[in-house]
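Everything below concerns the one structure shown next.
Chain A is the first sequence line, chain B the second, and so forth, proteins listed ahead of strands; every chain is numbered from 1. All of these numbers come straight from a predicted model, not from anything done at the bench.
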Amino acid sequence: MVRAFSLKGIILHALLFFGLLLSLFPFFWMIVMATNDTSAVYTVPPTFTFGSELMNNISEVFASTNFLNSFKNTVFVTVVATFFKLFFASLAGFVFAKYDFRGKNFLFFFLLATMMIPSQLSLVPNFIVMDTLGWLGDFKALIIPDLASAFGIFLIRQYSEEAIHNDLMDAGVMDGCNNFRLYWHIALPIMRPMLAFFGMVTFMGVWQDYLWPLIVMTNPEKYTLMIELAQLKSLYSIDYALVMTGSLLATLPLIIVFLLFSKQFIAGIADGAVKS
Amino acid sequence: MKFGHIGTENEQTFGHKSTSAIKDIIKDRTLYLFISPFYLTFLVFGLFPIIFSIYLSLHSWDGIGEMTFVGLDNFAYLFEDSVFWGAIGNTFIIWIMSVIPSIVFGLIVANLINSPITKFKDFFKVAYFLPNVTATVAVAIIFSSVFSTNYGVANFFLETIGLDRVPWLTNSLGIKVVIALMVIWASVGYNTILYLAGLQRIPKELYEAAAMDGANSFQVFTKITLPLMRPIILFTVIMSTISGLQVFTEPQVLAEGRPIQGSITIVLYLYEQAFSFNSFGYGAALSWVLFFIILAVSIINWKIFNKKNKGGRI
């Protein structure tokens, strides 16, 4: 047995805790500023303790900006986009994993190839497409172009190929299931772990997307949280308490979702790397 | 329709020959319907825009008036555009300053967590990964406060240890360092998780054999761990190259829409040209240059990866 308090053990844990300090300091700093009055920021030495102004700061953020509205917008866009991405990715991933049909290999190769294209290539023309369709400043511009994710289809195909047994599929066919019922009753329940992982990745990605919403969300009423936050920063750049409270509120949902499912999430990230 | 297509290749070929293609497609129409959302959205919002952007890059257009055909003028202008070259330089400097520390710190933390005597492994994994899930806009806001010249914590610490204040956010090199630090901060945890997965796949017997031969920790690390980790390290290099060349949010939020020369990156310049100055043609040309830069760097990465694999024993 290894002794818990060997010198090596102490040094090792000390190093890990020191790194952790650096890793968590920005969070600590965000909370310090969000819980203090702005005047506490402009002191030398800086304030390093939590204050009791959080509630005041929050109500000021809500009162002086459109924060609450953009929070609602982001929740709406994120939930709708995640739902549709999960549905279309699982449907297509299932078909690619479990069926043979004409052109399948070509279609799948094509799908993989599209993943190599950097999204900036279509940034300018897609803005014009959105303008032409009249979608500028509309949630459609955030949801529809990326409705079916090649990455998601790929992930779910990889998972389903082995996880969904052919016997089960054959039994379903014998029971008279059509393709959609096979997907709905047999495949979906089995895919659940991968759907959970892809759902989390999608949720986090859509929630904090910045460049595309910045370009197409021309209507301030439809601003997402990240745009509102960047606006907050440039409009109230000296009112740090306000800006930090906004940052805290905008990040909290991401942190909560991650902490709730951290085990599955980290396992999913590690899995993806080892396989690729 | 057939499940378990592995090992039934002959059957499939015969099956296809006996019926016509159209009949097959009609028979499997629901399958095509199920996969169609991706292809339809890609056609409209992927393929068409890409072709359209070739057309755009050969024109001068402000988005409202007439498009004028200018041939390769946009690309020719790129070569004389000093801001563009500055943006390329900035992007690569930020990338180099961030990629190496991210890998080194990721390897160190992964090895520390992987040690058999380490306690609270799951806690460390979660805590180190946390920065990776934090919204980049918020991160940029936090860092702009930490590195502000007069009241930032960074300068407070520098003064405490007797050094001078650094005007981080207004200095050309300083702002690149801050952007690189943000990237490092967010990616160390990600790399750590990937490296841990790699470390756990190295057979224990190898370490035992090395211990029998009297190898010290440093030798074990350089002779066993590093060579076996090479594929996964290269994977992280490729991923961070692709994301590094597209850095946008950090410099954009830091500069509040008024990018200073020292922090303008390729994508930020593209954004400015297309959406602040409405030079859609020039913006499209810039996006093609970015595409070819990413392609070239990816090919170089891939070449190095292959060469090393041929030369290596494992």
Side-chain angles (χ1 to χ4, degrees), chain A residues 2 9 12 15-16 19-20 23-24 26 29-30 41-42 45-46 88 91-92 95 98-102 111 114 118 120-126 129 145 147-148 150 153 166 169-170 179 204 208 210-211 215 226 229-230 233-234 240 243 247 250-251 254-255 258 262 266 269-270 273-274 276, chain B residues 1-5 12 21 24-25 28 30-31 34-35 37-38 41-42 45-46 49-50 52-53 56 109 112 115-118 124-129 131 133-135 137-138 141-142 145-146 151 153 156 193-194 197 232 235 246 248-249 253 256 267 274-275 280 283-284 287 290-291 294:
Chain A
V2 188
L12 200 144
L15 283 174
L16 275 175
L20 206 61
S23 203
L24 298 183
W29 189 241
M30 173 167 72
V41 173
Y42 295 104
F88 288 127
L91 200 55
V95 168
K98 289 283 124 185
Y99 290 90
D100 274 321
F101 49 92
R102 256 177 206 275
L111 181 136
T114 64
Q120 283 81 15
L121 200 53
S122 48
L123 207 60
V124 177
N126 247 337
V129 171
L147 207 57
I153 296 172
N166 294 322
M169 296 282 293
D170 290 332
N179 289 336
M204 291 176 175
Q208 56 165 302
Y210 182 59
L211 176 54
I215 292 168
M226 291 304 132
L229 202 54
K233 192 210 171 226
S234 45
Y240 270 119
V243 179
S247 303
T251 339
L254 293 171
I255 294 173
F258 170 66
S262 60
I266 286 176
I269 299 274
V274 171
S276 42
Chain B
M1 191 194 340
K2 186 160 266 103
F3 305 113
H5 46 275
Q12 280 171 34
D24 277 347
I25 291 171
D28 288 336
T30 52
L31 302 181
F34 290 175
I35 61 170
F38 169 77
T41 49
F42 179 73
F45 306 108
I50 289 167
F52 186 40
S53 82
L56 264 178
V109 176
L112 289 176
S115 164
I117 54 171
T118 301
F124 282 122
K125 279 196 225 174
V126 171
Y128 273 102
F129 196 80
V133 301
T134 311
V137 175
I141 290 173
I142 300 169
S145 139
V146 170
Y151 298 99
V153 195
F156 170 71
I193 296 302
L194 297 198
I232 214 155
F235 175 78
Q246 303 182 20
F248 168 79
T249 306
V253 176
E256 285 169 31
V267 178
F275 302 106
F280 289 116
S287 69
L290 175 69
F291 171 71
I294 291 177

Spatial distance of atom [atom1] ([X]) from atom [atom2] ([Y]) [nearest 0.5 Å]:
| X | Y | atom1 | atom2 | value |
| --- | --- | --- | --- | --- |
| A:Leu229 | B:Ile141 | CG | CD1 | 3.5 Å |
| B:Ser115 | A:Leu15 | OG | CG | 11.0 Å |
| B:Thr30 | A:Leu91 | OG1 | CG | 9.5 Å |
| B:Thr249 | A:Met226 | OG1 | CE | 10.0 Å |
| B:Phe45 | A:Leu147 | CZ | CG | 9.0 Å |
| B:Ile142 | A:Met30 | CD1 | CE | 4.5 Å |

Where on [X] is there a heavy atom nearer than 4.5 Å to chain A: the side chain, the backbone, both, or neither?
| X | value |
| --- | --- |
| B:Ile294 | side chain |
| B:Phe280 | both |
| B:Ile193 | both |
| B:Phe275 | side chain |
| B:Phe248 | side chain |
| B:Val267 | side chain |
| B:Leu290 | side chain |

Taking all heavy atoms of [X] and all of [Y], pick out the closest pair and write down the distance.
| X | Y | result |
| --- | --- | --- |
| A:Leu254 | B:Val133 | CD1-O, 3.4 Å |
| B:Ala21 | A:Arg102 | CA-NE, 3.3 Å |
| B:Ala138 | A:Thr251 | CB-OG1, 3.7 Å |

Out of [options], which one racks up the most heavy-atom pairs below 4.5 Å with chain A?
| options | value |
| --- | --- |
| B:Leu56, B:Ile25, B:Ile50, B:Thr118 | B:Thr118 |
| B:Ala127, B:Ala284, B:Ala135 | B:Ala135 |
| B:Ser53, B:Pro49, B:Gly46, B:Ala274 | B:Pro49 |
| B:Ser145, B:Gly283, B:Ser287, B:Pro131 | B:Ser145 |

Would you say that [X] contacts [Y] through its side chain, given a criterion of any heavy-atom pair below 4.5 Å between the two side chains?
| X | Y | answer |
| --- | --- | --- |
| A:Ser262 | B:Phe129 | no |
| A:Tyr99 | B:Asp28 | no |
| A:Val124 | B:Phe52 | no |
| B:Thr41 | A:Phe88 | no |
| B:Ile35 | A:Leu111 | no |

Between [options], the one whose heavy-atom pairs under 4.5 Å with chain B are most numerous:
| options | value |
| --- | --- |
| A:Ser247, A:Ser122, A:Pro145, A:Ala92 | A:Pro145 |
| A:Leu16, A:Ile153, A:Val243 | A:Leu16 |
| A:Ile255, A:Leu211, A:Val129 | A:Leu211 |

Subject >> Verdict with reasoning, B:Phe124 to A:Leu20, per side-chain contact (heavy atoms from CB on, under 4.5 Å) >> reply: CA-CA 8 Å; B:Phe124 282 122; A:Leu20 206 61; 4.0 Å; yes
Subject >> side-chain contact (heavy atoms from CB on, under 4.5 Å) evaluation trace for B:Thr134 with A:Phe258 >> reply: CA-CA 10 Å; B:Thr134 311; A:Phe258 170 66; over 6 Å; no
Original post:
Can you check whether A:Ile266's main-chain N or O pairs, donor with acceptor, with B:Lys125's side chain at less than 3.5 Å?
Top reply: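 Checking the backbone N and O of A:Ile266 against the side chain of B:Lys125, no donor-acceptor pair under 3.5 Å is found.
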